[in-house]
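Ligands are counted one by one from 1 in listed order, and the atoms in each one are counted from 1 as well.
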Amino acid sequence: MAKIQMKTPLVEMDGDEMTRVIWKMIKDKLLLPYIDLKTEYYDLGLVKRNETNDQITIDSANATKKYGVAVKCATITPNAQRMTEYNLKEMWKSPNGTIRAILDGTVFRAPIIVKGINSLIPTWTKPITIARHAYGDVYKNSEMKVKDGSKAELIVTDKDGNETRQLIHEFKGSDGIIQGLHNINGSIASFARSCFNFALDTKQDIWFATKDTISKQYDHTFKDIFADIFETEYKTKFAEAGIEYFYTLIDDAVARVVRSEGGYIWACKNYDGDVMSDMVATAFGSLGMMTSVLVSPSGVYEYEAAHGTVTRHYYKHLKGEETSTNSVATIFAWTGALKKRGELDAIPELTEFAKKLEAATIKTIEDGVMTGDLYVLSSLENKRKVNTEQFLDEINLRLKETV
Ligand code: NAP
Ligand code: MG
């Protein structure tokens, strides 16, 4: 069989620990036998980041801007312990943070749903994709403890030196606390465009919610920017695609989400996204089944698994012990990127292959063959726990039948 040919390279960002081991296995077993894989390779493993003073991360993000599609392996974000473990020159920043800052993107996280692994919320039969605005609000706040008898005010000094003051609170009879938040219209607009583009891309409705009834300037600005951009740039495209933009109050959104069957994108302000993504991920089961894609407002895509480098399994692997690490989210990062590349370069065989690989992966689990994390969750009667490598071989058996 002739291998599928590619035109533009994918930006390939390799990573660390167990996911680095899985990365190679996926390529060797499930991709290279079928595709004449063209990638521009960036090693974002911690060793190489340290060697290049993290320049490799910046280069990989710029390459993503150039080519439009990247696939990323999970990477270590260094902490004090990693400084000694890897003998680091510096505590390098999170690669995901660096890449996100360069691409100005929004992260969309979605669970992969299979029969036998049921959501803890039984009505949720389709994935709920969470989009979290990753700038400002409480994550870039300024806060203080305030003594009794103090008066706290907001003061804004404009570029000509004029001051506008507004009372926050006069503390009479008790000490207290204050907090200053900000956001910028440009970032909110980028968030809105990434959300609308991703909705069109995946043909799903998009929901957005804030507390605009209480926060008449701050949250209301989010609502207005979304509404303006939707009206002027997306309304017609949404109508053509048969999808909807739905805005509601955050309380109402939470109630509707719980009652829903899923199958939409939920755009969240920074804090809401932080909290709600953990709730949604937990309800859908394993971290190994959660995919993640960074979408820039200009339409650049970086696909990855939502989980980390699975350190505990890696240390077992190093000791020569058997592991049963779930590779599904990493496989879906590859298929997401290959589908996108196929679509942009008009290579239908590539897109088709990626879909077949996804189907073979899901069929493997639905046939009862799965890694340990899923084995404990699955309600299937004839289930079998396999090791990291066997799982990929089982997928390949099923893939071979379809290509
Ligand atoms: P983690 O790698 O996601 O793993 C946490 C635990 O979740 C694992 O020990 C394992 O549980 C389970 N798990 C996660 N993914 C799994 C999979 N594919 N298959 C089976 N089980 C899975 O998080 P972490 O241990 O907090 O972080 C490890 C490293 O990853 C850190 O250095 C962190 O900086 C990095 N990290 C990177 C990214 C990224 O690149 N996007 C994201 C998060 C964390 P059991 O041990 O109980 O089996
Ligand atoms: Mg959180």
Considering non-hydrogen atoms of the protein only, which is the closest contact for [atom], and what is the distance?
| atom | value |
| --- | --- |
| atom 46 (O) of ligand 1 | R312 NE, 2.4 Å |
| atom 27 (O) of ligand 1 | T311 OG1, 4.4 Å |
| atom 30 (O) of ligand 1 | T309 N, 3.0 Å |
| atom 41 (N) of ligand 1 | E304 OE1, 3.4 Å |
| atom 37 (C) of ligand 1 | T75 O, 3.0 Å |
| atom 33 (C) of ligand 1 | T77 N, 4.1 Å |
| atom 18 (N) of ligand 1 | N326 O, 2.8 Å |

Between [options], which one has a non-hydrogen atom sitting closest to [atom]?
| atom | options | answer |
| --- | --- | --- |
| atom 13 (N) of ligand 1 | T388, L46, V310, N79 | V310 |
| atom 14 (C) of ligand 1 | H313, H307, K72 | H307 |
| atom 43 (C) of ligand 1 | S94, G308, P95 | G308 |

Practice task
Kindly state if atom 24 (P) of ligand 1 has a protein heavy atom within a strict 4.0 Å cut-off, that is, under 4.0 Å?
Solution key: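 No; the ligand atom in question lacks any protein heavy-atom contact below 4.0 Å.
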Practice task
Flag atom 6 (C) of ligand 1 as yes if some protein heavy-atom distance to it falls below 4.0 Å, otherwise no.
Solution key: no
Exercise for the section: Taking the six-membered ring for Trp and the full ring for Phe, Tyr or His, determine whether the centres of F284 and W124 are under 6.0 Å apart. Expected result: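 Yes: the rings meet the under 6.0 Å criterion.
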Practice task
State yes or no: are the ring centers of H169 and F171 separated by less than 6.0 Å?
Solution key: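 When the ring centroids of H169 and F171 are compared, they turn out to be within the sub-6.0 Å range.
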Fill in the blank from the handout: ligand 1 atoms nearer than 4.0 angstrom to some heavy atom of A74 are 40 (O)
Fill in the blank from the handout: Under 4.0 Å from one or more heavy atoms of I76, ligand 1 contributes atoms 32 (O), 34 (O)
Using 30° and 60° as the class limits, which term best fits the ring planes of [X] and [Y]: parallel, tilted or perpendicular?
| X | Y | value |
| --- | --- | --- |
| H133 | F222 | perpendicular |
| F230 | Y245 | tilted |
| F191 | F226 | perpendicular |

Handout entry: Donor-acceptor side-chain pairing of E304 and N96 below 3.5 angstrom
Key = yes
Exercise for the section: For T75 and K72, test the side chains for any donor-to-acceptor distance below 3.5 angstrom and give the result as yes or no. Expected result: yes
Exercise for the section: Return the set of residues passing side-chain hydrogen bond (donor to acceptor under 3.5 Å, both in side chains) with T57 (not counting sequence neighbours), or none when no residue passes. Expected result: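 In terms of side-chain hydrogen bond (donor to acceptor under 3.5 Å, both in side chains), with neighbours along the sequence ignored, T57 is linked to D54.
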Handout entry: R82 N/O to ligand 1 N/O under 3.5 Å
Key =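 Between R82 and ligand 1, an N or O pair is found under 3.5 Å apart.
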Exercise for the section: Tell me which part of N96 gets within contact of ligand 1: side chain, backbone, both or neither, using heavy atoms under 4.0 Å. Expected result: side chain
Practice task
Look at atom CD of E381 and say whether more than 12 heavy atoms of other residues, nucleotides or ligands are closer to it than 6.0 Å.
Solution key: no
Exercise for the section: Would you sort out whether R82 and E85 count as a salt bridge (charged side-chain N to carboxylate O under 4.0 Å, His left out), showing the intermediate values? Expected result: CA-CA 5 Å; R82 301 294 196 173; E85 185 184 355; 3.1 Å; yes
